[in-house]
Amino acid sequence: MGFGGDGLVEPLPFADGATAEVGPWRWRLGRDDDFWVLHHGDVELYAFREDEPHYPSDFEVANYYVATNPHSPFVHHVLAQRTTADARIRVEDLPPASTARELAAALRDRLGIDIVESDAAQLLPRLASRPAADS
């Protein structure tokens, strides 16, 4: 399960008050009444109840929604991220590529994603039309 760009970099013990610190990032798991809450700094990332069952269909519906809904960023954007102890490297941070070979090399070298050039060729026009990383 992912928690977006601010998600965990490594496992966190399932215990009230458990913390993790990696480079500049800090997370904390704590109780809030009946809920467990995962915090990134002062931000609540995720909350759940231990006694609330979750079934595969719950995840399938959520996955279907984010993969197909026209309002979902996953439908309109190429999203990929690699987190290290001192950096979050996003696909938006890669230097612009002119060829599928350049894109495949950048994805491999910077994000650890191995793709064949034919797949990189399909991504190239979508990434070429992206806004600049600092805009």
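It should be emphasised that the depicted structure is a prediction, and the values quoted were computed from it without experimental measurement.
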Does L29 offer a backbone N or O that forms a donor-acceptor pair with the side chain of H39 under 3.5 Å?
-> no
What one should report as the nearest heavy-atom pair of A47 and V37 is CB-CG2, 4.1 Å
Does a side-chain heavy-atom distance below 4.5 Å link L127 with V91?
-> yes
So, R88 versus T83: side-chain donor-acceptor pair below 3.5 Å or not?
-> yes
Just by modelled atom types, is the L38 backbone N or O under 3.5 Å from a matching donor or acceptor in the H40 side chain?
-> no
Inter-residue atom distance W27.CH2 - E10.CD, 0.5 Å rounding = 7.5 Å
Minimum-distance pair of heavy atoms, taken over all atoms of A100 and A121 = CB-N, 3.6 Å
Pairwise distance OG(S57) to CG(N63) - rounded to 0.5 angstrom | 12.5 Å
How is the hydrophobic cluster of Y65 composed, in terms of its other members, when Ile, Leu, Val, Met, Phe, Trp and Tyr link through side-chain heavy atoms under 4.5 Å apart, directly or indirectly?
-> V66, F74, L79
Nearest atoms (heavy-atom pairs only) where L123 meets V78 | CD2-CG2, 3.9 Å
Under-4.0 Å salt bridge between E50 and R31 | yes
Once you round to the nearest 0.5 Å, how far does CG of D93 lie from CZ of R82?
-> 13.0 Å
Can you tell me if D33 uses its side chain to pair, donor with acceptor, with the backbone of F35 under 3.5 Å?
-> no
Rounded to the nearest 0.5 Å, how far apart are CG of D119 and CG of L107?
-> 10.5 Å
To the nearest 0.5 Å, how far apart are CD1 in I115 and CD in Q122?
-> 9.0 Å
So which heavy atom on R90 is nearest to which on Q81, and how close?
-> CG-OE1, 3.7 Å
List the atom of P13, the atom of A18, and the distance in Å for their closest heavy-atom pair.
-> O-CB, 3.3 Å
Where at least one partner belongs to residues 56-76, residue pairs that pass salt bridge (Lys or Arg N to Asp or Glu O under 4.0 Å), sequence neighbours excluded | none
Determine whether L94 and L111 make a side-chain contact, defined as any pair of heavy atoms from C-beta on separated by less than 4.5 Å.
-> yes
F14: ring pair (Phe, Tyr, Trp, His ring centres under 6.0 Å) partners, not counting sequence neighbours | W36
Pairwise side-chain hydrogen bond (donor to acceptor under 3.5 Å, both in side chains) hits with a residue in residues 95-115, at least two apart = R101-E117
How close do Y46 and F48 get, heavy atom to heavy atom, and via which atoms?
-> CE2-CD2, 3.7 Å
Can you name the salt bridge (charged side-chain N to carboxylate O under 4.0 Å, His left out) partners of D16, sequence neighbours left out?
-> none
For R26, which residues count as a salt bridge (charged side-chain N to carboxylate O under 4.0 Å, His left out) partner, sequence neighbours excluded?
-> E21
